[in-house]
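See structure below.
Indexing begins at 1, ligand by ligand and atom by atom, following the structure's order. Values below: all heavy atoms of this structure, side chains included; hydrogens, waters and symmetry mates excluded.
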Amino acid sequence: MTKSAVTPTIDLGADGRHVGDLRVRWSDNSVPLGYHPVPILSLRNGAGPVVVLIAGTHGDEFEGPSAIMRVMGALQPDEIRGQIIAIPALNAPAVRQAARVSPLDGVNLNRAFPGNPMGGVTDQVAYYVETALLPMADAAVDLHSGGSASFFTPCTLPTRTADAALYARNLELAEVFGLPHIWVLGSFNDARSVNSAAERAGVPMIAAELGGCGGVDPVITDATEAGLMRVLRHVGVVQGQVEALPAPRKVEITSAEHSLYAPGEGVFDRRAQAGQDVKAGDIAGTLHYVLEPRRPSEVIAFAHDGMVLAHTNRGYVQRGDMLMMVVRDVD
Ligand SMILES: [Zn+2]
């Protein structure tokens with residue numbers, strides 16, 4: 001396997017608190033001869049479990065980066081056993097611009113795995129995570145949200161892996177995190193995501209969807225910080241009991257046809273929201289053709305029973321935009 005050309009400026013084997021960069025070498029107009037920095041933080045105290053915390057895989061999702069900075073700021077090396085490696089802005093060029101995908105190459109990092117050591121910035125970062133970072137980990141968490149385009153009811157995302165034992169450990173992490181919903185990633189999952197990279201590395205891992213709308217919700221970010229601390233206690237990096245919580249509700253996308261997409265371009269007058277149970281025929285909203293007002297507005301109804309996991313945050317939608325992501329309960 002080709003070694004990743006991305007190099008950390010800190011020694012990830014050293015005890016104590018270390019803060020540095022992953023250096024991604026790629027010559028362009030913005031950085032002709034230097035490197036593109038991806039900040040990395042390490043807290044280590046001897047041998048023990050290693051947990052990798054990632055956020056900012058998409059650059060317009062800010063609850064996760066906030067929660068990781070809170071946790072890494074609060075914990076001292078002598079309070080832990082093993083190591084926490086945190087990357088709060090994995091797609092750093094996108095985070096700087098509050099954009100979903102990298103402005104350097106237009107690539108969606110969560111669709112770039114397993115990456116490419118000879119590729120552009122996003123491909124190189126994915127390759128480093130897949131081949132160098134995740135193989136070090138005993139558990140990993142990748143924090144997302146709906147970004148500027150949408151809003152998710154807070155949920156954790158375990159992959160239903162082919163390896164049943166790994167799936168059980170993914171589910172355990174999802175339950176321990178403590179959000180009210182678990183969105184199981186089944187056959188509709190994309191193999192180019194961090195979740196799939198963790199499956200290939202055989203590492204227990206969850207992602208999370210933590211609200212959205214391009215900002216930082218204080219209640220959801222508090223829940224995320226508490227969830228990260230519960231995961232750290234569960235894995236044994238931080239000492240202490242993990243308090244029992246009510247069992248989360250498990251949901252899954254069982255058909256792409258359950259969700260609703262904009263049939264035209266216009267203002268979506270939304271009438272339903274993430275977290276809501278819906279029946280076939282319930283009204284999701286009305287599409288108003290405000291730029292062609294002779295055209296009658298169109299009522300958009302749910303075609304199937306289910307729960308709304310996410311809704312669009314856009315007022316003006318384009319044909320094909322997701323309006324409502326609808327999931328079903330699973331056992
Ligand atoms: Zn995301």
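Looking at Glu225 and Arg70, a side-chain N of the basic residue comes within less than 4.0 Å of a carboxylate O on the acidic one, giving a salt bridge.
Aromatic pair Trp183/Phe152: centroids less than 6.0 angstrom apart.
With sequence neighbours left out, Glu292 forms a side-chain hydrogen bond (donor to acceptor under 3.5 Å, both in side chains) with Arg295.
At least one side-chain heavy atom of Ile87 sits less than 4.5 Å from a side-chain heavy atom of Leu133. Side-chain contact check for Pro8 versus Asp21: every heavy-atom pair is 4.5 Å or farther apart.
Each protein N, O or S atom less than 2.8 Å from the Zn ion (ligand 1) was counted, giving 4.
A cation-pi geometry, defined here as NZ or CZ lying under 6.0 Å from the six-membered ring centre and within 45° of its normal, holds between Arg23 and Tyr35.
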